[in-house]
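Just so it is clear, the model here is predicted, and its values are computed rather than measured.
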Amino acid sequence: GCPGTDPRDIYDVIRQFKTSSSNEIEIPNTSFKDIGGYDHVKQELQRIIALVTGRVGGIDDRQRQKLVPRGFLFHGPPGTGKTLFAKAIANEMNATIQMVSGPEIMDKYVGQSESNLRHIFATARRNAPSVIFFDEFDSIASQRSTYSDGGARANNAVVAQLLTELDGFREDQAVLVIGTSNRLDIIDEALLRPSRLRPIEISLPDYTARRSVAAIHAHNFGIDHLLTDLCGQLLEVLPAWSPAAPVPDALLTKLFLQHPPHKHRWELEIERAGFARELRAFFHVIRESEGAGRNVGSTENPFQLRMEERLLQLARKYGMNLTAGDRPGMAEKEASAGSPSIQQDIVDLLALLQEQRRQQSDLSPAMFLSGVLDLIAEYTQDFNNDEIRAIFQEASLEYHMEGQLISPRYLGLKIGLLKKRRDERGIVHLRTDRGRR
């Protein structure tokens, strides 16, 4: 009914219809550009994709189809982007993808697990070109056992069915199998033959990969724009600013106008500073009454000491130093300064930019952002992709919900918090292992 329609458009409409009419397949939109680092892995995968899609010159189709592997087995630590690689492969092949969890294949009835596996491969063939993605692949592909119990026989039957399906592909059907596992050592050896699944290690990102991952997530969550906007505003007032001068009101007004969440946080922190000022005044009253009522040789009042200690703790919570009682007017100065965190972050950034301006005259927001990404990549050693993503995800959430000012110091504190969480998880796992022993 529409003469001149591009066949590619018709094909896309058919694929979308097949996807909407089935809850088993989907069309991914992830590309290799969305994955930071891992250039060697990308190059190897793109060579195989070129073989599958036929974009290789110098060889005929029959020879090309014999060179295509049955699939890949991605192995490595959790959170390194193995699932993203599977989706990117399907997208590069312009193929559908089935996301299958390994444990959901297993069934308590005899023969049903193998039937589930056959149904998955039959669906993939009907929707070729397609990718079958098995998450937690070791749950269905562990090494076959010689025991005669029911569980071992069921696992052996599933592995045998999987081997049969891998060898039963027709050469003209572009079906790729991808599995992910953290335990390559327990995968059945028959599946790791060169003609079947090719193991590819996806380890923790190195420095270059961490920086690339940080740049991608900073852009996805809008943190890069927040940092460059803040740097641009600070560079405007930098020539007229000195370390002894307060933060200009015009800068705060412009900042609150462009980023309204900061204004609400600023007002809350002013209220907290006022409360801390009153707390400090009350503390000095206690100290003066204590000094006036104490005789020579008298002992300290334990209740009064506990109350003073509690007041000190409350003051530290609100960012006030109540031990500096010999500095008159400090309470009023701290209260009039406004927000302890936003203002301090701005002062620190102005001092940092002033020092960088002395070292290089062509300082720009883009160079400032590049330096922040370098610091993040340096201090996130042994982080996986998910942990780097969590830095910017939590920063974006706290910016929108609480008005948190995004600065290098804040991102550094967030990195330290994530390291602390990881150490705590390691301690829990260590205790659990010792308990089992």
Side-chain angles (χ1 to χ4, degrees), residues 8 11-12 14-35 38 41-56 64-76 80-105 116-141 161-181 187 191-192 194-202:
R8 183 75 245 175
Y11 180 68
D12 291 338
I14 294 175
R15 292 178 71 220
Q16 293 288 348
F17 170 74
K18 295 181 72 174
T19 303
S20 62
S21 62
S22 173
N23 57 358
E24 299 176 349
I25 61 174
E26 60 180 89
I27 300 177
N29 55 6
T30 303
S31 65
F32 285 125
K33 295 181 180 179
D34 300 325
I35 305 175
Y38 300 103
V41 177
K42 293 178 182 178
Q43 291 174 2
E44 183 175 358
L45 294 177
Q46 286 172 344
R47 287 198 298 266
I48 302 301
I49 292 172
L51 279 175
V52 175
T53 57
R55 299 193 300 266
V56 178
R64 176 185 60 82
Q65 291 168 358
K66 291 180 179 179
L67 295 175
V68 176
R70 297 303 183 188
F72 305 101
L73 180 58
F74 296 146
H75 62 96
T80 52
K82 296 185 286 293
T83 303
L84 288 178
F85 272 111
K87 292 183 177 180
I89 290 173
N91 188 23
E92 291 291 328
M93 291 174 53
N94 199 22
T96 61
I97 186 172
Q98 290 187 78
M99 308 292 291
V100 182
S101 177
E104 72 183 22
I105 294 177
N116 294 339
L117 201 56
R118 286 194 297 270
H119 174 73
I120 291 172
F121 279 90
T123 303
R125 294 188 186 100
R126 289 195 303 270
N127 295 277
S130 63
V131 172
I132 307 176
F133 174 73
F134 291 101
D135 196 14
E136 304 298 337
F137 190 63
D138 49 272
S139 62
I140 63 170
Q161 182 66 44
L162 184 58
L163 292 170
T164 302
E165 295 292 342
L166 287 174
D167 293 335
F169 284 163
R170 289 190 352 217
E171 293 181 350
D172 59 340
Q173 291 177 333
V175 178
L176 206 62
V177 176
I178 299 178
T180 62
S181 175
I187 302 296
L191 291 166
L192 301 180
S195 60
R196 287 173 180 157
L197 300 182
R198 176 178 297 184
I200 295 180
E201 182 181 7
I202 301 180

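- Shown here are the side chain to side chain donor-acceptor pair (under 3.5 Å) partners of Asn91, two or more places apart in sequence or in another chain: there are none.
- Inter-residue side-chain proximity for Arg70 and Val175 is flagged as unmet; no heavy-atom pair is nearer than 4.5 Å.
- Nearest heavy atoms, Ala90 versus Thr96: CB-O, 4.4 Å.
- Closest approach of Gly71 to Leu176, counting heavy atoms only: CA-CD1, 4.0 Å.
- Residues satisfying the side-chain contact (heavy atoms from CB on, under 4.5 Å) test with Gln46, not counting sequence neighbours, are Phe32.
- Evaluation of the side chain to side chain donor-acceptor pair (under 3.5 Å) rule for Glu136 yields no partner, not counting sequence neighbours.
- The nearest pair of heavy atoms linking Asn29 to Asp34 is O-OD2, 4.1 Å.
- Smallest separation of non-hydrogen atoms from Gln98 and Ile120: NE2-O, 3.0 Å.
- Annotation: ring-ring contact (aromatic ring centres under 6.0 Å, His included) contacts of Tyr38 (sequence neighbours excluded): Phe85.
- Residues Ile202 and His75 fail the side-chain proximity criterion, which asks for heavy atoms closer than 4.5 Å.
- The ring-ring contact (aromatic ring centres under 6.0 Å, His included) test applied to Phe74 returns no partner, not counting sequence neighbours.
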- Worked verdict on Leu191 versus Leu166 for side chain to side chain contact (heavy atoms under 4.5 Å, CB included): CA-CA 9 Å; Leu191 291 166; Leu166 287 174; 3.7 Å; yes
- Query: What do the steps show when you test Glu92 against Leu45 for side chain to side chain contact (heavy atoms under 4.5 Å, CB included), and what is the final call?
  - Reply: CA-CA 10 Å; Glu92 291 291 328; Leu45 294 177; over 6 Å; no
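- Contact between Ile35 and Lys42 at its shortest, heavy atoms only, is O-NZ, 2.5 Å.
- Ile132 places a side-chain heavy atom less than 4.5 Å from the side chain of Phe134.
- Note that OG of Ser31 is 10.0 Å distant from CG of Leu84, once rounded to the nearest 0.5 Å.
- Proximity of Leu73 to Ile200: side-chain heavy atoms (C-beta onward) are nowhere separated by under 4.5 Å.
- With sequence neighbours left out, Phe72 forms a ring-ring contact (aromatic ring centres under 6.0 Å, His included) with no residue at all.
- For Gln161, the side-chain contact (heavy atoms from CB on, under 4.5 Å) criterion is met by Glu114, Leu117, Arg118, Glu165, not counting sequence neighbours.
- Between Met93 and Ile49, the shortest heavy-atom distance links the atoms CG-CG2, 4.0 Å.
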- Query: Would Arg196 and Val177 count as a side chain to side chain contact (heavy atoms under 4.5 Å, CB included) if you check the C-alpha gap in whole Å, the side-chain angles of each, and the deciding distance to 0.1 Å?
  - Reply: CA-CA 9 Å; Arg196 287 173 180 157; Val177 176; over 6 Å; no
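- Looking at Phe133 and Val100, their side chains never come closer than 4.5 Å, going by heavy atoms from C-beta outward.
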- Task: Give the C-alpha distance, both sets of side-chain angles, the deciding distance and a yes or no for side chain to side chain contact (heavy atoms under 4.5 Å, CB included) between Ser130 and Ile97.
- Result: CA-CA 6 Å; Ser130 63; Ile97 186 172; over 6 Å; no
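- Checked against side chain to side chain donor-acceptor pair (under 3.5 Å), Arg198 has no partners two or more places apart in sequence or in another chain.
- Two residues are said to be in side-chain contact when any heavy atoms from C-beta on lie closer than 4.5 Å; Asn94 and Pro129 fail this criterion.
- Side-chain N or O atoms of Asp135 include none that pairs as donor or acceptor with a backbone N or O of Ser101 at under 3.5 Å.
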